Amino acid sequence: MLSGKVGKGTALGAVVLSLLTVPAQSAGAAPVPGGTTASHAPRTPAPDLDQVRATLTSALANGAPGAMARVDDHGTVHRLAEGVGDRATGRAITADDRFRVGSVTKSFSAVVLLQLVDEGELDLDAPVNTYLPGLLDQRITVRHLLSHRSGLYDYTNDMFARTVPGFEAVRNRVFSHQELVDLSLAKPLTVTPGSAYSYSNTNFVVAGMLIEKLTGNTVHTEYRERIINRLGLRDTFYVHPATAMPARHAKGYLRPDEAGAPLVDSTRQTVSWAQSAGAVISSTRDLNTFFSALLRGRLTSAAQLEQMRQWTPVNATQGYGLGLRRRDLSCGVSVYGHTGTVQGYYTTSFTSQDGRRSITAVANTSNNGTVLNTLPRALEAAFCGKPAPAASARSSAPVERYEDIAPGIARD
Ligand code: REY
């Protein structure tokens, strides 16, 4: 069986903790006055849009009905789309279609909490029980939640052990936060709190509980007031527990575990099993705007952005901050954002350190490991540009920064 989960697995659970701050690296180099493409810093390779498109067609070849991407590069927009957004009508997917972002929601929840830190309402290093008395193991701090170091068991492992029956069992269910936390607390901690990265949706369900406890409002209200309205995100919604998607959306198609079984239209669901860990609906434009604004310091103080960028190692080329992923690309550039999986949708959304170049790539299928592993190739294409020519052909060519940082690493 293919696992469609992002960032999970025993190998990741054993990563030894050491917090690192990665040196400043950027696809966009110095801030660009006026923000036009003409002002590109000289060492920034142009996005390889042919290769971004090849990533989308590869997703289709491996079973996705449709795939889309949007690159925002210093004010220039590139929209790419392949395949269909609705298999019943044959409607072509577009890069403006809304979709379920899955765990990209975690970045929204982290931003709300870091704003509350800025407002003096929350201490990252306080035990969660300070705010939610008696809820968790006393050792678990807010920072542990947001960096996936609490050790709280991920209840979705059991919920979706059988993909389609698991999904159908929760498609229309409405869970309270406490019910989801109780599913987790029925199992022992996976790691000692604070000791290692161990990805778990439970962490961001508790983040939602914190948001609601500290503000007295629903996470919906807080996303809207603090992020959606502030950035003018016209395609971003939190409709839990409603099941319908707002107009102009791509339908999502879940792949069953059984080989050859037809895709399941999974568009309509409450996503109550994820809520503040995964229930946001958005678009490529809005996610690019969101991560760009975040990295440019428009959503939190510089001090809290710095906290978000304290990295727990995930593997050799990835770190997890506070609700934020870092990926180190083959050309030596690091990019910042999040990935998301929800039934019928895979999302990859990242921006450069200066927030001037962003890409969101989406496929409208899930439980398909090949498609999942294909999408990150769009990051290489968007931020590293065209692969270096063969050594013999470039002997007289000037050496580009992206070639000499990692000359031996193949870019597939
Ligand atoms: C849950 C399983 C994915 C999805 C998940 N998503 O935890 C959160 C995230 C919000 O981290 C499902 N896979 C699929 C299975 C595997 O059911 N048996 O691929 O749609 O993004």
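In listed order, ligands and their atoms are each counted from 1. Quick caveat: nothing in here was measured; it's all calculated off a predicted structure. Throughout, residue positions are numbered sequentially from 1 according to the sequence presented.
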Identify which of [options] has a heavy atom lying nearest to [atom].
{"atom": "atom 15 (C) of ligand 1", "options": "Thr163, Asn157, Asp257, Val280", "answer": "Thr163"}
{"atom": "atom 5 (C) of ligand 1", "options": "Thr341, Thr339, Val371", "answer": "Thr341"}
{"atom": "atom 10 (C) of ligand 1", "options": "Ser103, Gly102, Ser266", "answer": "Ser103"}
{"atom": "atom 2 (C) of ligand 1", "options": "Tyr346, Phe160, Tyr155", "answer": "Phe160"}

- Stacked cation flag Arg98 on Phe237, 6.0 angstrom / 45 deg: no
- Determine the interplanar angle of the His338 and Tyr199 rings, folded into 0 to 90°, and report it as parallel if under 30°, tilted if 30 to 60°, perpendicular if over 60°. tilted
- Can you say whether the rings of Tyr320 and His148 are parallel (under 30°), tilted (30 to 60°) or perpendicular (over 60°)? perpendicular
salt_bridge([X], [Y]) N-O dist < 4.0 Å:
{"X": "Arg87", "Y": "Asp265", "value": "no"}
{"X": "Arg171", "Y": "Glu168", "value": "yes"}
{"X": "Arg248", "Y": "Asp96", "value": "no"}

Check each atom of ligand 1 against the heavy atoms of [X] and keep those under 4.0 Å away; list them by number with element.
{"X": "Thr156", "result": "7 (O)"}
{"X": "Gln343", "result": "4 (C), 20 (O)"}
{"X": "Gly340", "result": "21 (O)"}
{"X": "Asn201", "result": "5 (C), 7 (O), 8 (C), 10 (C), 11 (O)"}
{"X": "Ser366", "result": "14 (C), 19 (O), 20 (O)"}

With a heavy-atom distance limit of 4.0 Å, tell me whether [X] approaches ligand 1 through its side chain, its backbone, both, or neither.
{"X": "Trp273", "answer": "side chain"}
{"X": "Tyr199", "answer": "side chain"}
{"X": "Thr105", "answer": "neither"}
{"X": "Leu254", "answer": "side chain"}

- Which of Arg91, Lys251, Arg285 passes salt bridge (charged side-chain N to carboxylate O under 4.0 Å, His left out) with Asp97? It is Arg91
- Return a yes/no value for Asp154: is any of its N or O atoms, backbone included, closer than 3.5 angstrom to an N or O of ligand 1? no
- Task: Give me the one residue out of Ser150, Ser147, Ser184 that meets side chain to side chain donor-acceptor pair (under 3.5 Å) with Asn203.
- Result: Ser150
- Return yes if some donor-acceptor pair links the side-chain N/O of Asn201 with the main-chain N/O of Ala274 below 3.5 Å, else return no. no
